[in-house]
Amino acid sequence: MADTTINAQAHCKMLLHAARYPHAAVNGILLAEDNRNKDSKPLKFVDCVPLFHVSLGLSPMLEVALLQVDAYCKSKGLVIGGYYQANENYTDNELNHVAKTVGRKIQENFHDGLVFMIDNRRVRAESVSQAYRIHTHKESGWKEIDRKGSTEEDIMKEECLYALLKSGAHRHVVDFDSHLDDVRKDWRNLELNDLISRCT
């Protein structure tokens, strides 16, 4: 498996989405630089697209969202490289059927695809470190990836997320559910991207 990094924009948007809907399960996809034609293949997640907070496993809506995001990725030289999910139950951060199914589908199209399971207990301003576990699929099934200790970049991302949560930035996250209710709401979250960029 390729070395993996996740930048502040992808990291913060994913966790702000979970903070936006603490009463519900949420999911989304992570966008990575397309490394398929390169000799050195570090996997770099550079953005995320929040998908749903109403019904995670609704296939027609998921297909519509993935088609739009895939077209966006092609225009930016990105790929759908990962999936994230926070379960509805506060203490449940295990892979369920939806996470496994979507994760396998992503891996069919992008070999290094990963699944990030968010730990709801760590999506608070007071505790933002190690807020998710990363899984990959091997022949023997889903396996959690051992992560190294916190780096200077990890600490910077946690400080940025802390500041964003304290300022209430999570209330401005737009996911695909919100976009489908009102198409004027932009699922790319460009204003939030700018806010994260200023924070870092």
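Atoms considered below: every heavy atom in the structure, side chains included; atoms not considered: hydrogens, waters and symmetry mates.
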Review point. Mind checking whether W142 and H137 have ring centres under 6.0 Å apart?
Key: yes

Checklist entry - Do L15 and I118 come close enough that some side-chain heavy atom pair is under 4.5 Å? => result yes

*K157-N7 side chain donor-acceptor pair, cut-off 3.5 Å*: no

Practice problem: Go through the side-chain N and O atoms of Q85 and N96 and say whether any donor and acceptor fall under 3.5 Å apart. | Solution: yes

Closest non-hydrogen contact found for R124 with R121 is NE-O, 3.0 Å

Inset, instruction - Apply the test side-chain contact (heavy atoms from CB on, under 4.5 Å) to residues N93 and N120: give CA-CA distance (whole Å), side-chain angles for both, the deciding distance (0.1 Å), then the verdict. - result: CA-CA 7 Å; N93 60 3; N120 293 311; over 6 Å; no

Side-chain heavy atoms of L114 within contact of L43, under 4.5 Å:
yes

- Any side-chain heavy-atom pair of V115 and I134 under 4.5 Å: no

What donor-acceptor contacts under 3.5 angstrom involve side-chain atoms of residues 70-79, with partners at least two apart or in another chain?
| unit_1 | atom_1 | unit_2 | atom_2 | d |
| --- | --- | --- | --- | --- |
| D70 | OD2 | K74 | NZ | 3.2 |
| S75 | OG | Y72 | O | 2.7 |

Atom CD of Q68 with >12 non-hydrogen neighbours under 6.0 angstrom = yes

Exercise. Same hydrophobic cluster for V174 and V69, using side-chain heavy-atom links shorter than 4.5 Å among ILVMFWY?
Worked result: no

message = Can you confirm whether S178 sits close enough to H53 that some side-chain heavy atom of one is under 4.5 Å from a side-chain heavy atom of the other?
response = yes

What side-chain donor-acceptor pairs closer than 3.5 Å can you find for residues 16-23, not counting sequence neighbours?
| unit_1 | atom_1 | unit_2 | atom_2 | d |
| --- | --- | --- | --- | --- |
| H17 | ND1 | Y84 | OH | 2.7 |
| H17 | NE2 | D175 | OD2 | 3.0 |
| R20 | NE | R171 | O | 3.4 |

Q. Heavy atoms, side chains only, cut-off 4.5 Å: are F52 and L62 in contact?
A. yes

| said: In the structure I gave you, are the side-chain heavy atoms of L161 and L165 within less than 4.5 Å of one another anywhere? | reply: yes

*State yes or no: do L164 and Y132 share one hydrophobic cluster built from I, L, V, M, F, W and Y residues joined by side-chain heavy-atom distances below 4.5 Å, directly or via other members?*
yes

Requested in this report: For the residue pair M156 and T200, establish whether any side-chain heavy-atom pair is separated by less than 4.5 Å.
Outcome: yes

Notebook entry, point to check: Using a distance-only test with no angle check, is there a side-chain donor-acceptor pair under 3.5 angstrom linking D154 and T151?
Noted result: yes

Exactly one candidate in V49, I80, N109 meets side-chain contact (heavy atoms from CB on, under 4.5 Å) with L66; the answer is I80

Query raised in the report: Between N35 and D112, is a side-chain contact (heavy atoms from CB on, under 4.5 Å) present by the stated rule, with each step listed?
Result: CA-CA 10 Å; N35 66 7; D112 292 328; 4.2 Å; yes

Taking the six-membered ring for Trp, are the ring centroids of H135 and F116 within less than 6.0 Å of each other? no

- Query: Given V123 and Y90, is the side-chain contact (heavy atoms from CB on, under 4.5 Å) satisfied, shown in steps?
  - Reply: CA-CA 10 Å; V123 185; Y90 184 70; over 6 Å; no

Please determine whether side-chain contact (heavy atoms from CB on, under 4.5 Å) holds for the pair W187 and L180, giving the CA-CA distance in whole Å, both sets of side-chain angles, and the decisive distance to 0.1 Å.
CA-CA 9 Å; W187 52 264; L180 293 172; over 6 Å; no

Handout entry: D119/R133 salt bridge by N-O under 4.0 Å criterion
Key = no

